[in-house]
Amino acid sequence: MKNFTDQPLLPGSTLGVLGGGQLGRMFVHQAQAMGYFTAVLDADPTSPAGLVSHHHIQTGYEDPQGLAELARLSDAVTTEFENVPAAALAALAAQCPVSPAASAVSVAQDRAREKAHFVACGVPCAPYAVIETAEQLAAVSAEPSAAPGRPKQASAPLGSVGAYLLPGILKTARMGYDGKGQVRVKTPAELAAAWESVGNVPCVLEKMLPLALECSVIVARGADGATVHLPVQRNLHRDGILAVTEVFEQNLPLALIQQAVAAAISIANGLQYVGVLCVEFFVLQDGSLVVNEIAPRPHNSGHYSQNACDVSQFELQVRTMAGLPLTQPRQHSPAVMLNLLGDLWFAQGDAERTPPWTKVLALPGTHLHLYGKREAKRGRKMGHLNITAATAEAARATALQAAALLGIAPF
Ligand code: ATP
Ligand code: MG
């Protein structure tokens with residue numbers, strides 16, 4: 001049984017992480033840079049984080065021996081994968097300090113609970129209905145599609161059911177990522193077929209909203225309740241996957257930035273959250289802000305902070321779990337982040353190629369991050385390119401040049 005103390009875990013301690021993906025890898029790199037030892041639990045012997053960690057426990061998330069070994073090696077444990085079974089986090093928490101807590105992660109794992117939390121925090125989300133039974137499906141579909149006076153905007157009664165949710169997006173309540181587990185539906189018949197196609201698992205039907213843009217905020221909250229945050233990120237998604245993040249002044253209206261930060265902090269406070277939390281938002285065409293979802297970990301949209309801020313999201317993760325002081329990060333350079341999907345390895349047809357790294361790195365202010373994945377696949381996140389510059393215009397211009405070289409569509 002570990003000592004649970006209020007004292008910070010100093011460099012030389014061992015920090016553990018559940019999950020061996022790219023987020024775990026970048027956490028491990030940061031923790032090691034600060035003088036910590038690291039332990040990763042992931043069954044895959046070639047997982048991106050396992051490959052670079054001091055310790056790699058190669059078991060599944062539910063293996064009690066693997067979890068016990070992680071707890072034995074680590075002075076504190078965090079997670080990089082939001083679908084780690086909450087029971088595994090809870091079991092670990094009996095043996096060593098774990099952040100974020102299982103209770104917070106379990107909310108983020110379930111879209112229905114997540115939305116209920118947004119409502120409880122008074123932060124507007126898309127009108128939605130929970131679909132767990134055939135009766136609930138019928139209730140959604142039975143409503144007349146154009147009932148007069150039916151609210152059509154995000155201000156509609158939260159959680160109310162009805163065909164005003166169509167056209168909508170059916171999302172599985174659990175295990176969705178990168179747009180997987182989502183079906184766009186226009187009619188009650190399509191909705192019924194979509195529910196069937198996902199295996200009739202519990203889902204949330206969300207109204208399709210008229211988006212003007214998307215943004216996100218990374219918040220870090222310490223055990224003492226102190227919060228700091230990164231600047232608000234503006235995100236471009238393509239095919240349900242984040243493609244580009246841009247962060248610089250005047251990229252978003254100030255009032256919107258303030259609203260998004262306040263909403264993200266209230267969502268973190270409401271969860272008694274300890275760690276790094278990403279809150280994703282939609283900005284609608286009428287300018288209103290609607291929360292989309294949360295991720296209980298660093299997020300793809302926060303990667304620019306590695307090269308554009310004096311404290312990155314991974315350093316925030318280390319600091320929160322080690323109980324070190326949190327200071328408000330400062331962005332020192334305008335930044336653009338390009339996601340590098342496996343498609344870029346096939347940009348010239350079916351034959352695999354190496355993307356033109358030399359040409360890309362000849363552009364000033366380009367920072368290449370690759371995750372060490374052996375095999376490129378379409379849609380697979382292989383890495384990202386951060387572009388920093390003295391001005392927003394220069395960062396955008398360089399990013400567009402890099403995108404053209406890589407075969408990423410302009411933005
Ligand atoms: P990720 O894990 O990559 O964030 P995800 O699988 O959790 O993705 P969502 O964030 O729910 O998926 O949705 C992916 C994208 O689909 C959003 O970023 C947005 O572009 C679009 N989208 C989702 N819900 C809606 C909606 N209600 N109205 C309009 N567009 C939507
Ligand atoms: Mg999302």
Side-chain angles (χ1 to χ4, degrees), residues 19 21-23 79-84 105 107-115 117-118 123-131 140 151-156 158-160 164-186 191 194 198 201 203-218 232-246 260 264 267 276-286 288-303 313 337 339-342 379-381 384 411:
Q22 62 264 19
L23 299 174
T79 177
E80 64 102 47
F81 174 61
E82 70 209 64
N83 291 320
V84 163
V105 175
V107 171
Q109 282 175 348
D110 184 324
R111 289 188 193 273
R113 290 189 61 197
E114 188 175 68
K115 285 187 159 48
H117 180 66
F118 299 150
V123 179
C125 61
Y128 72 99
V130 176
I131 297 180
V140 172
K152 293 223 162 30
Q153 284 303 313
S155 55
L158 293 164
S160 45
Y164 79 91
L165 293 173
L166 299 174
I169 307 187
L170 186 74
K171 303 182 177 182
T172 59
R174 295 179 155 272
M175 292 302 207
Y177 71 99
D178 289 348
K180 294 187 175 64
Q182 301 197 3
V183 190
R184 297 185 176 211
V185 291
K186 292 204 190 73
L191 172 62
V198 297
V201 295
C203 283
V204 169
L205 173 66
E206 227 176 271
K207 185 175 173 59
M208 178 73 83
L209 299 175
L211 309 190
L213 57 94
E214 298 186 58
C215 63
S216 57
V217 183
I218 306 284
V232 179
Q233 297 113 209
R234 182 171 173 159
N235 302 323
L236 171 67
H237 290 80
R238 288 177 174 151
D239 301 325
I241 307 180
L242 182 66
V244 182
T245 294
E246 297 183 78
I267 288 167
V276 171
L277 179 75
C278 179
V279 184
E280 290 182 71
F281 296 94
F282 298 141
V283 179
L284 306 190
Q285 280 163 15
D286 67 1
S288 57
L289 186 78
V290 170
V291 61
N292 172 21
E293 60 172 355
I294 56 176
R297 48 169 173 77
H299 191 258
N300 200 162
S301 63
H303 290 350
Q313 61 172 348
M337 188 241 22
N339 245 355
L340 305 175
L341 300 181
R380 187 175 204 197
K381 289 177 178 169
H384 63 276
F411 46 88

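In each ligand, atom 1 is the first atom listed, and ligand 1 is the first ligand listed.
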Once rounded to the nearest 0.5 Å, what's the spacing between atom CE of M208 and atom NZ of K186? 8.0 Å
Of the listed options (K207, E293, M175), which comes nearest to atom 10 (O) of ligand 1 when hydrogens are ignored and any heavy atom counts? E293
Among the heavy atoms of N292, does any lie under 4.0 Å from an atom of ligand 1? yes
Here's a test for you: under side chain to side chain contact (heavy atoms under 4.5 Å, CB included), which of V279, V283, L284 qualifies with F281? V279
CD1 (I294) and CD (E280) are apart, to the nearest 0.5 Å, by 10.5 Å
Quick one: which of R184, M208, H237 has a heavy atom closest to atom 21 (C) of ligand 1? R184
Is the shortest N/O to N/O distance between K381 and ligand 1 below 3.5 Å? no
So which of L166, V183, I169 actually passes side chain to side chain contact (heavy atoms under 4.5 Å, CB included) with L205? L166
What closest approach, in Å, do R297 and E80 show between heavy atoms, and which atom pair accounts for it? CD-O, 3.2 Å
Could you check which of D239, L242, L211 puts a non-hydrogen atom nearest to atom 30 (N) of ligand 1? L211
Please round to the nearest 0.5 Å and tell me the distance separating atom CG of L165 and atom CG of L191. 9.5 Å
Side chain or backbone, does L209 bring an N or O within less than 3.5 Å of an N or O on ligand 1? yes
Look up atom CE in M337 and atom OG in S301, then write down how far apart they are to the nearest 0.5 Å. 7.5 Å
Nearest candidate to atom 18 (O) of ligand 1, where distance is taken over non-hydrogen atoms, out of Q182, R111, E214, K171: E214
Does H299 reach ligand 1 with a nitrogen or oxygen that is under 3.5 Å from one of the ligand's nitrogen or oxygen atoms? no
Under a 4.0 angstrom heavy-atom cut-off, which atoms of ligand 1 come close to E280? 4 (O)
Ligand-residue contact atoms, ligand 1 with I169, heavy atoms, under 4.0 Å: 22 (N), 23 (C), 24 (N), 25 (C), 26 (C), 31 (C)
Numbered in order shown, the ligand 1 atoms found under 4.0 Å of a heavy atom of E206 are 24 (N), 25 (C), 26 (C), 27 (N)
Hey, is R111 close enough to E206 for a salt bridge, meaning N to O under 4.0 Å? no
